[in-house]
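For reference, the structure is listed below as C-alpha cells.
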Amino acid sequence: MTVLIDQATKANALSALSPTQRVPLLGDLLGLQLAFNPGALLSLGSDVTWLLTLLGVVATAALAIAAVRSRTPGWALGIGLVLGGAVGNLIDRLFFYPAFGRGYVIDFLAYGDLFIGNLADIALGAGGAVLLFTLWRQRQRRRPSSPPEDELRTSTVNEQEA
C-alpha cells in the first residue's frame, strides 16, 4: 500500500508541480515543489547513484526477509513501512530519468528551506520510529522489575533482627 500511495503522489507531483515554483501549504514551513534528487538524504552520494540503487536492492531484499520473519505486530509494521519506503524510492532509481539504475528520486514535499522529500521518505522515518519504539518496549518488558524501596528496607531490617 505504501508503494502505491508513494508512486501515485509522485505521478501527481510530476503532472501538477514545478521545480521553480513552490505551493505553500503551511506558510513557509511546508509546501509543494517538484525536485529530482540523484542522491540519498540531503543529496548525499549524488555522484554514485548506481551505488545507491545497488544498496537499495540489497536493503529491499534484506527487509523482505526480515518482514517474513517478524514475530510481533510492532516489528511487522515498522519493517513494512521501511520496506515500502525503500521500494518506493528504488522504483524511481530503477526507472526514472536519466537512465535505468541511475534514476533520480522524485521529491515534492518542501520542508521550509531545509530539504524536499516524498511520502516514501516519511514511511522510512515512521518505520524507523516504530522499530525503535518496539525495541524500547521489548527491552522494558525484559528488564526485571525491582522491588519497591519500602520492601527493600523492610527485608533488610528483618534480616538484621534475625
Side-chain angles (χ1 to χ4, degrees), residues 1-17 19 22-23 25-26 29-146:
M1 184 58 101
T2 302
V3 176
L4 293 175
I5 293 169
D6 174 66
Q7 290 299 303
T9 57
K10 288 175 180 175
N12 190 43
L14 282 171
S15 67
L17 298 175
R22 184 173 295 193
V23 177
L25 294 177
L26 293 173
L29 294 177
L30 181 66
L32 300 174
Q33 183 176 353
L34 189 61
F36 305 103
N37 186 357
L41 179 66
L42 302 174
S43 295
L44 296 173
S46 296
D47 297 335
V48 287
T49 302
W50 64 271
L51 180 59
L52 295 173
T53 302
L54 181 62
L55 290 172
V57 169
V58 171
T60 298
L63 287 164
I65 292 168
V68 169
R69 293 181 177 176
S70 65
R71 301 198 186 278
T72 66
W75 284 109
L77 175 62
I79 292 169
L81 285 168
V82 172
L83 179 59
V87 170
N89 284 340
L90 181 59
I91 289 170
D92 293 358
R93 294 210 181 279
L94 288 172
F95 301 111
F96 193 63
Y97 174 86
F100 179 80
R102 294 186 301 124
Y104 298 167
V105 173
I106 302 162
D107 290 331
F108 59 91
L109 294 171
Y111 299 94
D113 290 330
L114 298 174
F115 64 94
I116 301 176
N118 57 45
L119 291 183
D121 300 335
I122 293 172
L124 288 165
V130 168
L131 291 173
L132 286 174
F133 179 75
T134 301
L135 182 62
W136 177 78
R137 291 283 297 162
Q138 285 180 344
R139 288 182 186 235
Q140 292 296 318
R141 287 185 189 134
R142 287 185 190 147
R143 182 179 293 167
S145 59
S146 57

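Computed from heavy atoms alone, side chains included, the values below leave out hydrogens, waters and symmetry copies.
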Which of these, Ile116, Asn118, Leu119, sits in a side-chain contact (heavy atoms from CB on, under 4.5 Å) with Leu109?
-> Leu119
State, with a plain yes or no, whether a side-chain heavy atom of [X] is found less than 4.5 Å away from one of [Y].
X	Y	answer
Leu30	Tyr111	yes
Val105	Arg93	yes
Ile106	Leu34	yes
Asp121	Asp107	yes

Can you measure from [atom1] ([X]) to [atom2] ([Y]) and round to the nearest 0.5 angstrom?
X	Y	atom1	atom2	answer
Leu90	Leu54	CG	CG	10.0 Å
Leu81	Ile122	CG	CD1	11.5 Å
Leu94	Thr53	CG	OG1	6.0 Å
Leu29	Asp113	CG	CG	10.5 Å
Leu52	Tyr104	CG	OH	12.0 Å

Would you please test Ile91 and Phe96 for side-chain contact (heavy atoms from CB on, under 4.5 Å) and show each step?
-> CA-CA 8 Å; Ile91 289 170; Phe96 193 63; over 6 Å; no
Keeping the roles fixed (side chain from Arg102, backbone from Pro38), state whether a donor-acceptor pair exists under 3.5 Å.
-> no
For Phe108, the ring pair (Phe, Tyr, Trp, His ring centres under 6.0 Å) test, sequence neighbours excluded, returns none
For the residue pair [X] and [Y], what are the closest heavy atoms and their distance?
X	Y	value
Gly39	Asn37	N-OD1, 2.8 Å
Gly103	Thr49	O-CG2, 3.5 Å
Ala86	Leu63	CB-CD1, 4.2 Å
Gln33	Ala110	CB-CB, 4.4 Å

Counting heavy atoms not belonging to Tyr97, are there more than 12 under 6.0 Å from its OH?
-> no
By side-chain hydrogen bond (donor to acceptor under 3.5 Å, both in side chains) - contacts of Arg137 (at least two apart) = none
Using the test side-chain hydrogen bond (donor to acceptor under 3.5 Å, both in side chains), find all partners of Asp92 that sit at least two apart in sequence or belong to another chain.
-> Gln7, Lys10
Worked verdict on Asp6 versus Asn89 for side chain to side chain donor-acceptor pair (under 3.5 Å) = CA-CA 9 Å; Asp6 174 66; Asn89 284 340; over 6 Å; no
